Amino acid sequence: MSKLVEEFNEYRSRMNEKLLADNNKIVKRIFNLDTNAYAEGALDVKTKELLGLVASTVLRCDDCIKYHLETSYKKGVTKEEMMEAMGIATLVGGTIVIPHLRRAYEFWEALESNASI
C-alpha cells in the first residue's frame, strides 16, 4: 500500500477511535449522521461521494478530500469522473483550490498504485 494512503488511513482510524471512545453524544451523532448521509438513497453512493468530494474541495479540507477520493475509488469512480468533479470544484472554488487539486491528484495516483501491486 502506498505510504501516503497508509499514513492517512492509520491516523484517521486511530483518531476516530479516540474521539468515539470519549463518549461525547454530539460527536457520536455527527459521525452517525455523516455515515448515513452517504448511504444508498435517491442518489447512488458513487454520486454522493463525488458530491462530497466537490464540497470538500471547495471548503479546502484535505482530510475530507482524501476520504472521498478513496471511497470514490473503491466505489468504482474512474479517473475521468474524478477529474471532471474536481474541475467543477475548481470552477466553483476558484484558483485558491488549485493546491488541493494537486494533492488530490497525487492521492488518486497513490490509490491507483495500490491497485497495480
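Note that these values count all heavy atoms, side chains included, but never hydrogens, waters or copies made by symmetry. This is a predicted model, so every value here is computed, not measured.
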message = Whether the Glu6 and Asn114 side chains hold a donor-acceptor pair (N or O, under 3.5 Å, no angle test) is what I'd like checked.
response = no
Pairwise side-chain contact, [X] with [Y], heavy-atom cut-off 4.5 Å (strictly under):
{"X": "Asp22", "Y": "Leu19", "result": "no"}
{"X": "Leu43", "Y": "Tyr38", "result": "no"}
{"X": "Phe107", "Y": "Ile65", "result": "no"}

More than 12 heavy atoms from other groups under 6.0 Å of CZ on Arg29 = no
Acceptor/donor pairs from residues 79-87 side chains to any protein atom, 3.5 angstrom cut, sequence neighbours excluded:
from	atom 1	to	atom 2	distance (Å)
Lys79	NZ	Tyr105	OH	2.8
Glu81	OE1	Lys46	NZ	3.4
Glu81	OE1	Thr78	N	2.8
Glu81	OE1	Thr78	OG1	3.4
Glu81	OE2	Lys46	NZ	3.3

Return the set of residues passing side chain to side chain donor-acceptor pair (under 3.5 Å) with [X] (not counting sequence neighbours), or none when no residue passes.
{"X": "Arg102", "result": "none"}
{"X": "Glu40", "result": "none"}
{"X": "Asn36", "result": "Asn32"}
{"X": "Arg103", "result": "Asp62, His100"}

As an exercise, state the distance from [atom1] of [X] to [atom2] of [Y], rounded to the nearest 0.5 Å.
{"X": "Met15", "Y": "Asp63", "atom1": "CE", "atom2": "CG", "result": "11.0 Å"}
{"X": "Phe8", "Y": "Lys66", "atom1": "CZ", "atom2": "NZ", "result": "6.5 Å"}
{"X": "Glu112", "Y": "Glu109", "atom1": "CD", "atom2": "CD", "result": "7.0 Å"}
{"X": "Trp108", "Y": "Ser113", "atom1": "CH2", "atom2": "OG", "result": "12.5 Å"}
{"X": "Lys74", "Y": "Thr71", "atom1": "NZ", "atom2": "OG1", "result": "6.5 Å"}
{"X": "Leu69", "Y": "Cys64", "atom1": "CG", "atom2": "SG", "result": "11.0 Å"}

task = Determine whether Val97 and Ile88 fall in the same hydrophobic cluster, where Ile, Leu, Val, Met, Phe, Trp and Tyr are linked whenever their side-chain heavy atoms lie under 4.5 Å apart.
result = no
With a cut-off of 3.5 Å and sequence neighbours excluded, list every side-chain donor-acceptor pair involving residues 49-60.
from	atom 1	to	atom 2	distance (Å)
Glu49	OE1	His68	ND1	2.6
Ser56	OG	Gly52	O	2.8
Thr57	OG1	Leu53	O	2.8

ask   = Between Asn16 and Phe31, what is the shortest heavy-atom contact and its length?
value = OD1-CE2, 3.5 Å
ask   = Shortest non-hydrogen contact from Ala39 to Val45?
value = C-CG2, 4.0 Å
inquiry  = Test side chain to side chain donor-acceptor pair (under 3.5 Å) on Thr47 and Asp44; report intermediate values, then the result.
reply    = CA-CA 5 Å; Thr47 300; Asp44 59 62; 2.9 Å; yes
